[in-house]
2 protein chains.
Amino acid sequence: MDAKGDFAMPVINENYLKLPGSYLFAEISKRVTDFKQDHPDANVIRLGIGDVTRALPSVVIDGLHNAVDEMAREETFRGYGPEQGYSFLIQKIIEFDYKPLGITLDEDEVFVSDGSKSDVGNIQEIFGLNNKVAITDPVYPVYLDTNVMAGRTGELQGDGRFAGVCYLTCNAENGFIPALPQEKVDIIYLCYPNNPSGTTLSKAELKKWVDYARQNGAVILYDAAYEAYIQEPGIPHSIYEIEGAKEVAVEFRTFSKNAGFTGTRCAFTVVPKTVVAKTGKGEDCPLNKLWNRRQTTKFNGVPYIVQRGAEAVYTASGQKQIKALINYYMTNAKTIREGLKSVGLEVFGGVNAPYIWLKTPQGMDSWSFFDKLLTEAYIVGTPGSGFGPAGQGYFRLTAFGSQESTQEAIERIKTRLSL
Amino acid sequence: MDAKGDFAMPVINENYLKLPGSYLFAEISKRVTDFKQDHPDANVIRLGIGDVTRALPSVVIDGLHNAVDEMAREETFRGYGPEQGYSFLIQKIIEFDYKPLGITLDEDEVFVSDGSKSDVGNIQEIFGLNNKVAITDPVYPVYLDTNVMAGRTGELQGDGRFAGVCYLTCNAENGFIPALPQEKVDIIYLCYPNNPSGTTLSKAELKKWVDYARQNGAVILYDAAYEAYIQEPGIPHSIYEIEGAKEVAVEFRTFSKNAGFTGTRCAFTVVPKTVVAKTGKGEDCPLNKLWNRRQTTKFNGVPYIVQRGAEAVYTASGQKQIKALINYYMTNAKTIREGLKSVGLEVFGGVNAPYIWLKTPQGMDSWSFFDKLLTEAYIVGTPGSGFGPAGQGYFRLTAFGSQESTQEAIERIKTRLSL
């Protein structure tokens, strides 16, 4: 009998057993299927998931076609590219996304990837297992689940929280502005504009987090997937707009939500060389070096074709086209937001983000409101409780549908929903 | 002072510090650059890396263009797809790659991914840290490095081996057929046709490993990236041709080497539902379930466009075109193999694989032969020692160049190399 027991077999990563099943979208799917069986003629409108529905911008289509043609000829064919992404794309990212904000970055501080989900999921690998992780509650589940899988948490507890994780509650009472942690934390995940709540932090609020990280020795993993949806002045588009952030923050961005790349897959992560963590001996180690090692060892880069498609976003017409896309979705957001308000619901988000977060009426729990919305108005949304215990009593609708179906959905809410 | 020391900062994953720098290709690049500075007119031929050079097959180009056009219209636009890959591709994989071998697979046993490098790098995450890992020596470095990074090994030792890892020596003395381990191992990485040695295992030899795994409770991670290069009968294309392998083996395949997808990125991994590992309590847990959880949590699927490109490989003309590609490269392999033999070098591989593995003359070390080949014949190859200590005294050439440059390279070896 060895350390693994009296059986001769590989042992699994038991941290996986701590995770509950991914019940949220499976349960949604089941309830919708059941409803449709009972109501085969019901025209169900889905405003549940965060997936875009508009076609790719025509500049992107042209960029993709041109790159496909390059792959058809030996002289222009591309095999393995740099794991970190092609220079032609990284230069544009720096020039268009950061320089106008007064932020300077070196090319080797930007890592192109196949998606922010991959990057926010994988980034924890470069940290030791004894770091204390802080997440907001509610939260995009990937931050939490990947830390559970790595063994950086204890077990799931009765209150729906994992032991050993610092949860930062965001609700109507605190205006969805998380309070600084009371305990020392090492790694802080922040997502602004926020998924699922659609709320933002002002520069002053974000500065509190950067200052906290600098004073307490923490790293901020900043998910800015929805930055393109910011409409109001004074809301930071990048955490590096905050003084000192380049010492403590990693930023994640994606082409999924500004240019419709959810099925085309391209994103990038900024890891300034000035962000360090400690070795066990207390020496500084730049995260940039570790992330570079992680990516070059376990990843082989984004398709050349796709990187050329992403590059096209940074042409003059590309910038216009993605602005038009965002306006389209933000018109939906306004429709939803104002429609819900007009029937007396309490609504958050939807001003600088494609997500509308509503408080369920009469203290109804999230799943009961899901059923009510489905059965009375034939609309599918996402129960807030699926994003964490503090999401209980809230509900998420997204602005990613067509304008026609979004308007129809709101009309139904106004006319069919008993409130 | 806390468990992490008297500093308030996140601690890195210290396992990364065990890795030496990726000196191999950096050192090759440096030596080539230096040489070119001294010999600006030298026409250097690169037969060093495993990257393809021929254009994508025209059926793939057509498939990509068509899919790009679909992304241009709302009615056919695709957002998030299944993380595991689209059914249209998985069905073709099963039908064309496995059914003719008498192997039946369910759709949910095949996971489409962005590359075998990602999959062979990430697969170890689903296993506990106390499993004993076996790798061949020489080896594709990703298997080893990702286990080092995860903390499944000790430190690098003076003999070039990491403590805690079982190395299976493959050299001319044992005909590059690794002996079964003397100690109990849990996870075995095998790659056939082999990178870097270009050698294969017969069905009988591979059966020994499957039997070992079944009898001793081990899992085989079988990298079949080069299976399309197999020319001779009797060499298994899939490990599932061996009886019982579906109980103990995971298989990795890629479109990189058969269809030229190194820069287009598509691969797949087969995880039969019958392969299990143990929980700490000794219960069986299917790896399929764990890998599905890993992929759905940390990955968002391969671009729709790229999956349509891969699907095109499985048309009648696609099958013809990839066969022509492989013949092209295998003609190079023959040129290299026979050319090296004609000057009296001892040569392995190159018959069922695009890699030719040669024994350096007069017991020269791998780097000395690198310098000799570069300075005398202006040819770049890869020192065998870069693949592990047992690669010392060997050297890798690849068949992925153009036929013209490959023939020119062999001509130079015949006429300029002093042996």
Side-chain angles (χ1 to χ4, degrees), chain A residues 3-5 7-14 16 51-52 54-56 61 64-65 68 71-74 77-81 114-115 117-118 121-122 125-128 130-131 142 145-146 184 186-187 216-217 219 262-265 277-280 282 285 290 293 297-300 303-304 306, chain B residues 3-5 7-14 16 51-52 54-56 61 64-65 68 71-74 77-81 114-115 117-118 121-122 125-128 130-131 142 145-146 184 186-187 216-217 219 262-265 277-280 282 285 290 293 297-300 303-304 306:
Chain A
K4 298 191 299 274
F7 44 85
M9 259 214 160
V11 171
I12 66 163
N13 175 352
E14 292 215 278
Y16 276 59
D51 195 6
V52 299
R54 300 292 93 194
L56 287 180
I61 295 293
L64 292 168
H65 275 310
V68 171
M71 299 298 278
R73 297 187 306 272
E74 263 78 46
F77 173 80
R78 306 283 184 126
Y80 292 124
D114 67 316
K117 182 179 176 186
S118 304
N122 292 330
E125 290 178 27
I126 66 173
F127 296 100
N130 291 325
N131 294 292
V142 171
D145 290 355
T146 55
K184 165 74 176 73
D186 302 297
I187 300 169
N216 294 274
V219 164
T262 53
T264 305
R265 315 300 316 140
K278 293 285 185 188
T279 68
C285 181
L290 297 173
R293 182 75 208 211
T297 304
K298 294 191 180 181
F299 182 60
N300 235 334
Y304 172 72
V306 171
Chain B
K4 295 191 301 273
F7 43 86
M9 261 215 160
V11 171
I12 67 162
N13 175 353
E14 291 215 279
Y16 276 60
D51 195 5
V52 299
R54 301 291 92 192
L56 287 179
I61 295 292
L64 293 168
H65 276 308
V68 171
M71 299 298 277
R73 298 187 307 272
E74 264 78 46
F77 173 81
R78 304 284 184 126
Y80 292 124
D114 67 317
K117 182 179 177 187
S118 304
N122 293 330
E125 291 178 28
I126 65 174
F127 294 100
N130 291 325
N131 294 293
V142 170
D145 290 355
T146 55
K184 164 76 177 74
D186 303 297
I187 301 170
N216 294 274
V219 165
T262 53
T264 305
R265 316 301 315 139
K278 293 285 185 189
T279 68
C285 181
L290 296 173
R293 182 74 207 213
T297 304
K298 294 191 176 179
F299 181 60
N300 235 333
Y304 172 72
V306 170

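In the text below, chain A, chain B and the rest are named by the order of the sequence lines, each starting its count at 1. Side chains included, hydrogens not; waters and symmetry mates left out as well; all remaining heavy atoms used. The shown structure was predicted, so the numbers you read here are calculated from the model rather than taken from an experiment.
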Could you check B:Thr146 against A:Thr297 for side-chain contact (heavy atoms from CB on, under 4.5 Å), going step by step and ending with a plain yes or no?
-> CA-CA 7 Å; B:Thr146 55; A:Thr297 304; 3.9 Å; yes

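- Most heavy-atom pairs under 4.5 Å with chain B: of the set A:Leu56, A:Asn300, A:Val142, this distinction falls to A:Asn300.
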Derivation of the side-chain contact (heavy atoms from CB on, under 4.5 Å) call for B:Asn131 and A:Val11 = CA-CA 7 Å; B:Asn131 294 293; A:Val11 171; 4.1 Å; yes

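- Going from atom CE of A:Met9 over to atom NZ of B:Lys184 covers 8.5 Å, rounded to the nearest 0.5 Å.
- Within the model, atoms NE2 of B:His65 and CD1 of A:Ile61 stand 12.0 Å from one another, a figure rounded to the nearest 0.5 Å.
- Heavy-atom distances place the side chain of A:Tyr16, and not its backbone, under 4.5 Å from chain B.
- Taking every heavy atom of both residues into account, B:Glu14 and A:Gly280 meet most closely at OE2-N, 2.7 Å.
- Of the two parts of A:Arg293, the backbone and the side chain both hold a non-hydrogen atom closer than 4.5 Å to a non-hydrogen atom of chain B.
- Counting heavy-atom pairs under 4.5 Å between each of A:Leu64, A:Ile187, A:Leu290, A:Val306 and chain B puts A:Leu290 at the top.
- Atom CZ of residue B:Arg265 and atom OH of residue A:Tyr80 lie 6.5 Å apart, to the nearest 0.5 angstrom.
- Considering only heavy atoms from C-beta on, A:Glu125 comes within 4.5 Å of B:Lys298 through its side chain.
- Residue contact with chain B, scored on non-hydrogen atoms closer than 4.5 Å, involves the backbone of A:Arg78 exclusively.
- Looking at A:Asp51, the atoms closer than 4.5 Å to chain B (heavy atoms on both sides) sit in the backbone and in the side chain alike.
- Both the backbone and the side chain of A:Glu74 come within less than 4.5 Å of a heavy atom of chain B.
- Per-residue heavy-atom pair counts under 4.5 Å with chain B were compared for A:Gly81, A:Ala277, A:Gly79, A:Gly121, and the maximum is reached by A:Gly79.
- One finds the CD1 atom of B:Ile12 at 9.0 Å from the CD1 atom of A:Ile126 (value rounded to the nearest 0.5 Å).
- Looking at B:Lys117, its side chain does come within 3.5 Å of a backbone N or O of A:Phe299 through a donor-acceptor pair.
- Here the closest non-hydrogen pair linking B:Pro303 and A:Pro303 is CG-CG, 4.3 Å.
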